[in-house]
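Treat the numbers as computed from the prediction; the structure is a model and nothing was measured. Just so we're on the same page: letters track the sequence lines, and every chain starts at 1. Heavy-atom basis, side chains included; hydrogens, waters and symmetry copies ignored.
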Amino acid sequence: MDPLLTSLNRAQCAAVQHTTGPMLVLAGPGSGKTRVVTHRIAHLLRTGVPAAQLLALTFTNKAASEMRSRVGQLAPGEPVWLSTFHRFGAKLLRHYADHVGLSPNYTIYDTVDAKQALTRVIEAGNFQTMHYTPGRIGQAISRAKNKLIAPDRYQPRPGSPLSHIVAEVYPAYQRRLLASSAVDFDDLLMHVAQLLYANPDVRATLDERFRYILVDEYQDTNHAQYVILRALSADHRNLAVTGDPDQSIYGWRGADLNNILQFETDYPDAHVVRLERNYRSTKRILRVADQLIGNNLRRKRKSLFTDNEEGGAVRLVEYVTQDDEASSIATQISAAISSGQRRASDFAIFYRVNALSRGLERAFRQVGLPYQIIRGLEFYQRKEIKDVLGYCQLINNPRDDQAVLRTINTPARGIGAKTVNRLVQHAYAERIPLLDAARQVGTIQTTWASRCAKKVSAYVSLVDRLSTLADADMEEILGKILSETGYHDQLRDGETEEDLSRLANIEELLTDARQFDEEYPGGGYLESYLENAWLVNETDGWEADTDKVTLMTLHAAKGLEFPVVYIVALEHGVLPHERSTSDPSQLEEERRVAFVGITRAEQELQMSYAVERDFRGQRRRTVPSSFLLEMPREEMQVTFLEAVGPAVTCVDEFREDFIADDIPSIDLDSGLPEASISGESNSPLSQGVTASITTAAQMAGDGIDRLGHVSPDAFAQGMAVVHPEHGLGKIVALSGSGKNRRATVGFATAGEKRFVLVHSPLRPAGQ
DNA sequence: TCATGACTAACTGTT
DNA sequence: TTAGTCATGA
């Protein structure tokens, strides 16, 4: 028998062996879905399908890289195109940019940039937005884009003031994006859909090229993605989608559950495979999940079962405060680790909102538990990183207004809001990019103070100077930016804690760039580098093989599994989230979020809530989540507090309701966690905490070996160095790696010189 | 034009 | 709690 199939069950085999025609794989949690997808890719390759005809699309970067590594094991060296929808869209758009009015070097705006751009458009256009914030308007535009409603086709609805505003603002916003040759995340899909729709020849070419398409997490696709998929599989109808309606948790992002619920209507000849056997969780965990999700109406019924062990009871624990909750969990985990039962990496803690991670972090630090937090977009959202990347954006795409606005006065060079506004007005009036407007400063606006004009011209020539670097190594580009703009000096001379951490982050960025250069040597990859920065999310930074406890949102947890799972803050308003409690379909989505969390657990699961929780700096009484009442009592072990003080009626009521449902095992006074660990005693263990980033510079030490040679690693951006002939200088930029590592050094007398570090007599100053 | 400090409003999730 | 806005004085 084919070794690809031996380890699979019947349903899995059926899915893997399916080759032509549409297929829907309904895969319950833990049913080996990723296995099926990867094995199917390998199987297709084995049956002679060229790798170039395969396209596998996922929803997140994490899922894509997971899949890439697994396909790599099954079918090494096969160049299967495997990426997220957005990345796929970005690549296609590079190729067909002119078809949709972009230049190939277009910029991708993240949520923040897009919102700022929108705000500018609203201000500049003097739109009356009444009480609607740019955020609200942006959401409405995003929804329209996800539904593929083009700016000129948007129809305001009577009785919806917001839609009238959107009808005005949306076209202006989109015009400005195109003028900047920029797209937002939604455009990555909308433009592609439009491209395929408006260009039958392009569509046919791509349909021909991607004859076999596999889509993971199909329940999370939105209308735009749906249309793209349909367009790419019209002639070659080998579209295989996998998903689980019960795990659809991106409705707010436009995911349309109908896509999966109606797949069989769209493709009447679709082969449908159900993967219902769960290989992940214990019977009791699965029953809790199954009964909870049974309360949803909009779903496809499926029966989950497992041959795994019965397992221990699912725990529900009540705490007084969030601090109790956090420290109890931390103590439990470290006890399990020190007794040798578990490793730190066996544990994961899930929460509904990122803000809840802070208390947990504190508790973990106190106990000295190593942990890693998965949080979206942290690094690339930092001001200093965005500032530096802003210059890169500008080098890559000089029409990028957002980049101009970000960099024109960063670091401060005396170009104030007033000047910028005049520039913007001029640019909008002339319908030209901001940088061009800045370029014209000397010639057009005679009324301007020559002081301002001078500064603006200096900025323009700075950008021009940097632009000559477009094809250099990333590290060199970044290095030049840092030195030429004075950004590095400014931070280095700063004394605040903040400046220090900014500097550390910059170092981290340089290290990252250096790694990138090693992977893509020779330079000229600025665009790819930026694309990567724009489309990453920090989930990629998750290291499965380090021994740390994982903390993340329930959304980020999708697709992962852990031996022991904690879900915290099962409270009304948190899970379900307060913005979702009124709408039944949103409530169902919240239930699915809980379902996803529960089904990540392999052996143990603890859910908890606190009677009091700090929110917005205020302490509030909570109401336990109604979802808890929907779970089977007989599978659970409950730990209620004995007394929570006077008149905690909501919690009392909840307990009565919970107990009324004939609960066999209750455990009223045992198991209450000890108040908390004394905060003062700072154990030496806490040294092990690993939340901070160690920069390459920190690790490099003095970098001088016994022979007196200075390791190339000893040199860092901006460092003062000594040369025997030229004397004191400063490192302006670094590039290359290993023995090819070069430094550009600016000397006081001799000007700029370039050195190959291993052969150079350069030394860090002062050594 | 910029730095400072007071004040205020917001806190879902991800590409 | 905190990021962001606003007013003030230098």
Name every donor-acceptor pair, under 3.5 Å, that has one atom in a side chain of residues 184-196 of chain A and the other anywhere in the protein, sequence neighbours excluded.
unit_1: A:Asp184; atom_1: OD1; unit_2: A:Lys145; atom_2: NZ; d: 3.3
unit_1: A:Asp184; atom_1: OD1; unit_2: A:Asp186; atom_2: N; d: 3.2
unit_1: A:Asp184; atom_1: OD1; unit_2: A:Asp187; atom_2: N; d: 2.8
unit_1: A:Asp184; atom_1: OD2; unit_2: A:Lys145; atom_2: NZ; d: 2.7
unit_1: A:Asp184; atom_1: OD2; unit_2: A:Tyr173; atom_2: OH; d: 2.9
unit_1: A:Asp186; atom_1: OD1; unit_2: A:Asn146; atom_2: ND2; d: 3.3
unit_1: A:Asp186; atom_1: OD2; unit_2: A:Ser142; atom_2: OG; d: 2.9
unit_1: A:Asp187; atom_1: OD1; unit_2: A:Lys145; atom_2: NZ; d: 2.8
unit_1: A:Asp187; atom_1: OD1; unit_2: A:Gln174; atom_2: NE2; d: 3.1
unit_1: A:Asp187; atom_1: OD2; unit_2: A:Lys145; atom_2: NZ; d: 3.2
unit_1: A:Asp187; atom_1: OD2; unit_2: A:Asp184; atom_2: N; d: 3.2

task: State whether A:Thr111 places a side-chain N or O below 4.0 Å from either non-bridging phosphate oxygen (OP1 or OP2) of B:dT14.
output: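 Checking B:dT14 against A:Thr111, no side-chain N or O comes under 4.0 Å of OP1 or OP2.
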query: Do any side-chain nitrogens or oxygens of A:Asn61 fall under 4.0 Å of OP1 or OP2 in B:dT14?
result: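 For B:dT14, neither OP1 nor OP2 has a side-chain N or O of A:Asn61 closer than 4.0 Å.
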Salt bridge (charged side-chain N to carboxylate O under 4.0 Å, His left out) contacts touching residues 567-583 of chain A (sequence neighbours left out):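 Listed once each, the pairs are A:Glu571-A:Arg613.
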[atom1] of [X] versus [atom2] of [N]: gap in Å, rounded?
X        : N      : atom1 : atom2 : answer
A:Arg362 : C:dT1  : CZ    : C1'   : 10 Å
A:Trp252 : B:dT14 : CH2   : P     : 6 Å
A:Ile108 : B:dT14 : CD1   : C1'   : 15 Å
A:Lys454 : B:dT1  : NZ    : P     : 16 Å
A:Lys62  : B:dT14 : NZ    : P     : 10 Å
A:Glu123 : C:dT5  : CD    : P     : 10 Å
A:Asp184 : B:dT14 : CG    : C1'   : 14 Å
A:Arg619 : C:dT1  : CZ    : C1'   : 13 Å

Do [Y] and [X] meet the salt-bridge criterion of a basic N to acidic O distance under 4.0 Å?
X        : Y        : value
A:Glu561 : A:Arg600 : no
A:Arg592 : A:Asp246 : no
A:Asp614 : A:Arg620 : no

Listed partners of A:Tyr459 passing ring pair (Phe, Tyr, Trp, His ring centres under 6.0 Å), at least two apart: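 Ring pair (Phe, Tyr, Trp, His ring centres under 6.0 Å) list for A:Tyr459, sorted by chain: empty.
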Pairwise C1' distance for B:dG13 and C:dG4, with rounding to whole Å: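 Here B:dG13 and C:dG4 have their C1' atoms 22 Å from each other.
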message: Between A:Ile415 and A:His86, which residue's closest nucleotide on DNA chain B lies nearer the 5′ terminus?
response: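 Counting from the 5' end, the first nearest nucleotide belongs to A:Ile415.
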task: Using the closest heavy atom to pick a nucleotide of DNA chain B for each, name whichever of A:Ala417 or A:Ser580 lands nearer the 5' end.
output: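 On the 5' side of the pair lies A:Ala417.
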message: Under 4.0 Å, heavy atoms only, any strand: does A:Asp614 hit a base, just the sugar-phosphate, or nothing?
response: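 No contact.
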query: Hey, does A:Phe85 reach any base, or is it just sugar-phosphate, or nothing, if we go heavy atoms under 4.0 Å?
result: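 Since no nucleic acid heavy atom lies under 4.0 Å of A:Phe85, the category is nothing.
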- prompt: Between A:Tyr250 and B:dG13, do the rings stack, that is, sit under 5.5 Å apart with planes less than 30° off each other?
  reply: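 No, aromatic ring not over the base.
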Heteroatom pairs (N/O) under 3.5 angstrom, protein to nucleotides 6-11 of chain B:
unit_1: B:dC11; atom_1: N4; unit_2: A:Arg616; atom_2: N; d: 3.4

- request: Output the single nucleotide from B:dC2, C:dT1, B:dG13 whose closest atom is nearest the side chain of A:Arg358.
  value: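 So the nucleotide nearest the side chain must be C:dT1.
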Nucleotide of B:dT1, B:dC2, B:dT14 approaching A:Lys418 most closely (side-chain heavy atoms):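 It is B:dT1.
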message: Once you measure the plane-to-plane angle for A:Phe88 and A:Phe210, does it fall in the parallel (<30°), tilted (30-60°) or perpendicular (>60°) bin?
response: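 Rings of A:Phe88 and A:Phe210: perpendicular, as their planes differ by over 60°.
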task: Kindly give the heavy-atom pair with the smallest separation between A:His555 and A:Tyr250, and that separation in Å.
output: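 Residues A:His555 and A:Tyr250, closest heavy atoms: O-OH, 3.7 Å.
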I'd like a table of atom pairs between the protein and nucleotides 7-10 of chain C - only N or O on both sides, under 3.5 Å - with the distance next to each one.
none

- request: Check side chain to side chain contact (heavy atoms under 4.5 Å, CB included) between A:Thr485 and all other residues, then give those that pass, not counting sequence neighbours.
  value: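 Scan of A:Thr485 (side chain to side chain contact (heavy atoms under 4.5 Å, CB included), adjacent residues dropped) gives A:Tyr391, A:Pro411, A:Arg413, A:Leu462, A:Leu466, A:Ile481, A:Tyr487.
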Enclosure of A:His572 NE2 (heavy-atom neighbours >12, cutoff 6.0 Å):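 Atom NE2 in A:His572 is not packed in, count stays at 12 or less.
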